[in-house]
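Reviewing the structure listed below.
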Amino acid sequence: MASMAQFCYIIGPSNLRQKYSSFRFCFQNPVYRKNAPSNVSTRFHAKPSSVSVSSSIVCSAANKPSSSSQVSSAAKIRSEVLSPFRSVRMFFYLTFIASGSLGGLIATTQLISSLTNPARSSEVPDILTGLGIDIGAVSIFAFLYFRENTAKNAQLARLSREESLSNLKLRVNQNKIISVSSLRGIARLVICSGPASFILESFKLSEPFTESLLERGVLVVPFATDGNSPSLDFDESEDMKEITEKRKRLWQLAPVYVSEWTEWLDEQKKLAGISPESPVYLSLRLDGRVRGSGVGFPPWNALVAQLPPVKGLWSGLLDGMDGRVL
């Protein structure tokens, strides 16, 4: 379990206030041009102290290619670790299939010989029995091998998608860009993907659960799919100062490289049979694997109820209680 010092090192200090009492964070809209640099362009507009401050978040553009369709060596290694005896089982299945096929071939030749020779007609029942056993054995072990191979391919595909997700980039602040894998063991990410209105409504619905979500290491990654900038309004009044700082931390991450995030999310929607325009959420475990997903707003209350805190007396014992992997 990572300490809070590690959490603050990657995510940054909780106090986001600098020289001015309030800022307007505005990530510049993506502009696709030939030979354009694939980095993020961030503008900070200082404005006088006021009761509220708004933060506009937009993902940065990139022309960087993605290879999510290829199975990486890391995914293969993780598959072997998760299912160490699968290769052994598949080897024995193939051995039994080969043995049964050879026995069936021999029994077939004997059956043909017995049918053409009246003197050996008494051997036909025994030969048919042995041939039936061989065919049955081949069928059973072929089914087992096919099922094992299907599970292996599905696991490799899932691990490959998880590796692709871990390589996606996130902007923490103006000067720090990290990969999703950097937050493994530190934070549980919740990815909100949809139009700007969906992001804004998710932002509002999360307000009552801000403190509880942060205690469970939850950080939100808003990804606007319509190209608009969701303006997140924070209350900068003195009474709401503490909760505002926590809400800024909860919602401070922003995706980098639009094309890669779009490709990865579209692949997830396609596999789930969801239309590309549907707003969705994905909840990740501490180890970076997908624990839950769905269409619509994230169930903030369910996340608070199901996830254990990342610090405290029971945190070490409950680190793995993130839910089953999808």
Report task. Could you list all the salt bridge (Lys or Arg N to Asp or Glu O under 4.0 Å) pairs where at least one residue sits in residues 206-227, not counting sequence neighbours? Result -> Glu211-Lys246
**Report entry** Qualifying residues under side chain to side chain donor-acceptor pair (under 3.5 Å), relative to Thr210, sequence neighbours excluded
**Finding:** Arg247
**Report entry** Asn167 side chain to Glu163 backbone, donor-acceptor under 3.5 Å
**Finding:** yes
Query raised in the report: Applying the side-chain contact (heavy atoms from CB on, under 4.5 Å) test to Leu253, which of Ile191, Val172, Val190 qualifies?
Result: Val172
Requested in this report: Might you confirm whether atom NZ of Lys269 has over 12 heavy atoms from other residues, nucleotides or ligands at distances under 6.0 Å?
Outcome: yes
Report task. Determine which pairs satisfy salt bridge (Lys or Arg N to Asp or Glu O under 4.0 Å) with at least one residue from residues 102-117, sequence neighbours left out, and list them in order. Result -> none
Requested in this report: Take Arg285 and Arg184 through the test side chain to side chain contact (heavy atoms under 4.5 Å, CB included) and record every step on the way to the result.
Outcome: CA-CA 8 Å; Arg285 293 159 40 116; Arg184 282 180 178 173; over 6 Å; no
Report task. State whether a side-chain donor-acceptor pair under 3.5 Å links Gln268 with Ser293. Result -> no
Query raised in the report: Does some side-chain heavy atom of Ser114 sit less than 4.5 Å from a side-chain heavy atom of Ser121?
Result: no
Report task. Go through Lys169 and Ile178 one step at a time and tell me if the side chain to side chain contact (heavy atoms under 4.5 Å, CB included) criterion holds. Result -> CA-CA 6 Å; Lys169 303 299 181 181; Ile178 62 175; over 6 Å; no
Query raised in the report: Is the shortest heavy-atom distance from the side chain of Pro255 to the side chain of Val221 under 4.5 Å?
Result: yes
Report task. Kindly compute the distance separating CZ (Phe234) from OG1 (Thr244), expressed to the nearest 0.5 Å. Result -> 8.0 Å
Would you tabulate the side-chain donor-acceptor contacts of residues 89-96 under 3.5 Å, counting partners in other chains and residues two or more places apart, or write 'none'?
from	atom 1	to	atom 2	distance (Å)
Arg89	NE	Glu148	OE1	3.3
Arg89	NH2	Glu148	OE2	2.8
Thr95	OG1	Phe91	O	2.9

Report task. Please report the C-alpha distance between Gln155 and Arg86 in whole Å, then the side-chain angles of each, then the deciding distance to 0.1 Å, and finally whether the side chain to side chain contact (heavy atoms under 4.5 Å, CB included) criterion is met. Result -> CA-CA 12 Å; Gln155 185 183 61; Arg86 173 171 287 155; 2.9 Å; yes
Report task. Go through the structure and list residues passing ring pair (Phe, Tyr, Trp, His ring centres under 6.0 Å) with Phe198, not counting sequence neighbours. Result -> Phe297
Report summary line: To the nearest 0.5 Å, atom CG of Leu265 lies from atom CG of Leu282 at 6.5 Å
Query raised in the report: Does Ser212 have any side chain to side chain donor-acceptor pair (under 3.5 Å) partners at least two apart in sequence or in another chain, and if so, which?
Result: none
Query raised in the report: Does any pair with a residue in residues 116-132 pass salt bridge (Lys or Arg N to Asp or Glu O under 4.0 Å), and if so which ones, sequence neighbours excluded?
Result: Arg120-Glu123
Query - Smallest separation among heavy atoms of Phe223 and Val258, with atom names - result: CZ-O, 4.2 Å
**Report entry** Members sharing Leu271's hydrophobic cluster (side chains within less than 4.5 Å)
**Finding:** none
Query raised in the report: Are any side-chain N or O atoms of Trp261 and backbone N or O atoms of Val256, one a donor and one an acceptor, separated by less than 3.5 Å?
Result: yes
Query raised in the report: What distance do Leu159 atom CG and Lys152 atom NZ have between them, rounded to the nearest 0.5 Å?
Result: 12.0 Å
Report summary line: Using a 4.5 Å side-chain heavy-atom cut-off and chaining through intermediate ILVMFWY residues, the residues clustered with Phe146 come out as none
Requested in this report: Give a yes-or-no answer on whether the side chains of Thr262 and Ser259 include a donor-acceptor pair shorter than 3.5 Å.
Outcome: no
Query - Rounded distance (nearest 0.5 Å) linking atom CD of Glu267 with atom CG of Leu165 - result: 11.0 Å
Requested in this report: Report the C-alpha separation of Leu168 and Tyr257 in whole Å, then their side-chain angles, then the decisive distance to 0.1 Å, and conclude whether the side chain to side chain contact (heavy atoms under 4.5 Å, CB included) test is met.
Outcome: CA-CA 8 Å; Leu168 296 178; Tyr257 303 137; over 6 Å; no
**Report entry** Arg158/Glu162 salt bridge by N-O under 4.0 Å criterion
**Finding:** yes
**Report entry** Shared hydrophobic cluster, Leu205 / Leu213 (ILVMFWY, side-chain heavy atoms < 4.5 Å)
**Finding:** yes
Report task. Please report the closest heavy-atom contact between Asp134 and Gly104, naming both atoms and the distance. Result -> OD2-N, 3.3 Å
Query raised in the report: Applying the 4.5 Å side-chain criterion to the ILVMFWY set and letting contacts propagate, would Phe85 and Leu144 be lumped into a single cluster?
Result: no
Query raised in the report: side chain to side chain donor-acceptor pair (under 3.5 Å) with Ser275: which residues, sequence neighbours excluded?
Result: Ser278
Query raised in the report: Going by heavy atoms in the side chains, are Leu284 and Arg289 under 4.5 Å from each other?
Result: no
Query raised in the report: Which heavy atom in Leu183 sits nearest to a heavy atom in Leu170, and how many Å separate them?
Result: CD1-CD1, 4.1 Å
**Report entry** Heavy-atom pair with the smallest gap, counting every atom of Leu250 and Ser206
**Finding:** CD2-OG, 4.4 Å
Report summary line: For Met240, the other hydrophobic cluster members (4.5 Å side-chain criterion, sorted by chain and number) are Ile243
Query - Minimum heavy-atom distance between Ser113 and Thr116, given as atom pair plus value - result: O-OG1, 2.9 Å
**Report entry** Whichever hydrophobic residues join Ile127 through chains of side-chain contacts under 4.5 Å
**Finding:** Leu111, Leu115, Val124, Leu128, Leu131, Ile135
Query raised in the report: Once you round to the nearest 0.5 Å, how far does OG of Ser197 lie from CG of Asn228?
Result: 8.5 Å
Report task. Return yes if some donor-acceptor pair links the side-chain N/O of Ser83 with the main-chain N/O of Glu80 below 3.5 Å, else return no. Result -> no
Query raised in the report: Honestly curious: do Ile133 and Phe141 fall in one hydrophobic cluster under the side-chain, below-4.5 Å linking rule?
Result: no
Query - Ile97 backbone acceptor or donor facing Ser101 side chain under 3.5 Å - result: yes
Query raised in the report: Between Gln252 and Arg171, do the side chains contain an N or O donor and an N or O acceptor separated by less than 3.5 Å?
Result: no
**Report entry** Heavy-atom pair with the smallest gap, counting every atom of Cys192 and Pro298
**Finding:** SG-CG, 3.4 Å
Query raised in the report: Nearest 0.5 Å, what's the CG-CZ distance between Leu156 and Arg161?
Result: 11.0 Å
Query raised in the report: Can you get from Phe209 to Tyr281 by hopping between Ile, Leu, Val, Met, Phe, Trp and Tyr side chains that sit under 4.5 Å apart?
Result: no
